[in-house]
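See structure below.
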Amino acid sequence: MSERGPRRLGMSLGRVTPDIAPATPLARIQAVWEEAAGRQVASNASPVALREDVLIVACSSAAWAQELELMQTQLAAALAERLPDEDRIASFRFRVGERP
């Protein structure tokens with residue numbers, strides 16, 4: 001017999017969100033971004049668009065955009081490990097801008 005009553009929101013959302021998440025390449029990239037880039041990078045930069053095979057990343061400052069420009073080979077490799085082949089990134093554009 002199962003208990004009825006309040007459940008933790010996270011448990012309920014965890015069961016539902018995989019079914020409603022958009023199945024676009026950008027959505028798949030956003031889903032693995034923090035794991036691939038690391039928590040510090042993810043708190044200062046977010047993938048916001050994908051044009052052809054160029055990933056546009058909005059950064060919190062020019063310093064972060066410059067740092068990530070230097071790290072783009074590592075970021076591409078980390079993303080490639082976590083994404084299907086058809087979602088491979090050929091290059092990045094880092095810009096200062098509003099992040100989601």
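Values below: every heavy atom of this structure, side chains too, minus hydrogens, waters and symmetry copies. Note that the structure is predicted; figures quoted are calculated from it, not measured.
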Before you tell me yes or no, could you show the steps for Ile89 and Leu50 under side chain to side chain contact (heavy atoms under 4.5 Å, CB included), namely the whole-Å CA-CA distance, both residues' side-chain angles and the distance that decides it to 0.1 Å? CA-CA 9 Å; Ile89 306 302; Leu50 185 63; 4.0 Å; yes
Who are the salt bridge (charged side-chain N to carboxylate O under 4.0 Å, His left out) partners of Arg39, not counting sequence neighbours?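 By the salt bridge (charged side-chain N to carboxylate O under 4.0 Å, His left out) rule, Arg39 matches Glu34.
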Under the side chain to side chain donor-acceptor pair (under 3.5 Å) rule, what pairs show up with a residue in residues 67-78, not counting sequence neighbours?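 Checked against side chain to side chain donor-acceptor pair (under 3.5 Å) - neighbours excluded - the pairs reaching residues 67-78 are Glu69-Gln72.
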For residues 90-100, pull every pair meeting side chain to side chain donor-acceptor pair (under 3.5 Å), keeping only residues two or more places apart or in separate chains.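 For residues 90-100: Ser46-Arg99.
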I need the Leu79 CG to Glu35 CD distance, nearest 0.5 Å.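 Nearest 0.5 Å value for the CG-CD distance: 10.0 Å.
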For the backbone of Gly38 and the side chain of Trp33, can you confirm whether one donor and one acceptor N or O come within less than 3.5 Å of each other?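 No; judged by distance alone, with no hydrogens or angles, the pair does not exist.
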Can you list every ring pair (Phe, Tyr, Trp, His ring centres under 6.0 Å) pair that touches [range], not counting sequence neighbours?
{"range": "residues 72-100", "answer": "Phe92-Phe94"}
{"range": "residues 34-62", "answer": "none"}
{"range": "residues 34-56", "answer": "none"}

Are Val41 and Met71 close enough that some pair of their side-chain heavy atoms sits under 4.5 Å apart?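 Side chain of Val41 against side chain of Met71, heavy atoms only: contact under 4.5 Å found.
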Sequence neighbours excluded and cut-off under 3.5 Å, please list the side-chain donor-acceptor pairs for residues 53-63, or say none.
unit_1, atom_1, unit_2, atom_2, d
Ser60, OG, Asn44, O, 3.4
Ser60, OG, Asn44, OD1, 3.0
Ser61, OG, Ala63, N, 3.4
Ser61, OG, Trp64, N, 3.2

Are Leu83 and Val48 joined in one hydrophobic group, where the rule is that I, L, V, M, F, W and Y side chains link up if heavy atoms are under 4.5 Å apart?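 In one cluster with Leu83: Val48, no.
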Other residues, nucleotides and ligands only: do more than 12 of their heavy atoms fall within 6.0 Å of CD on Gln40?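 Incorrect, the count does not exceed 12.
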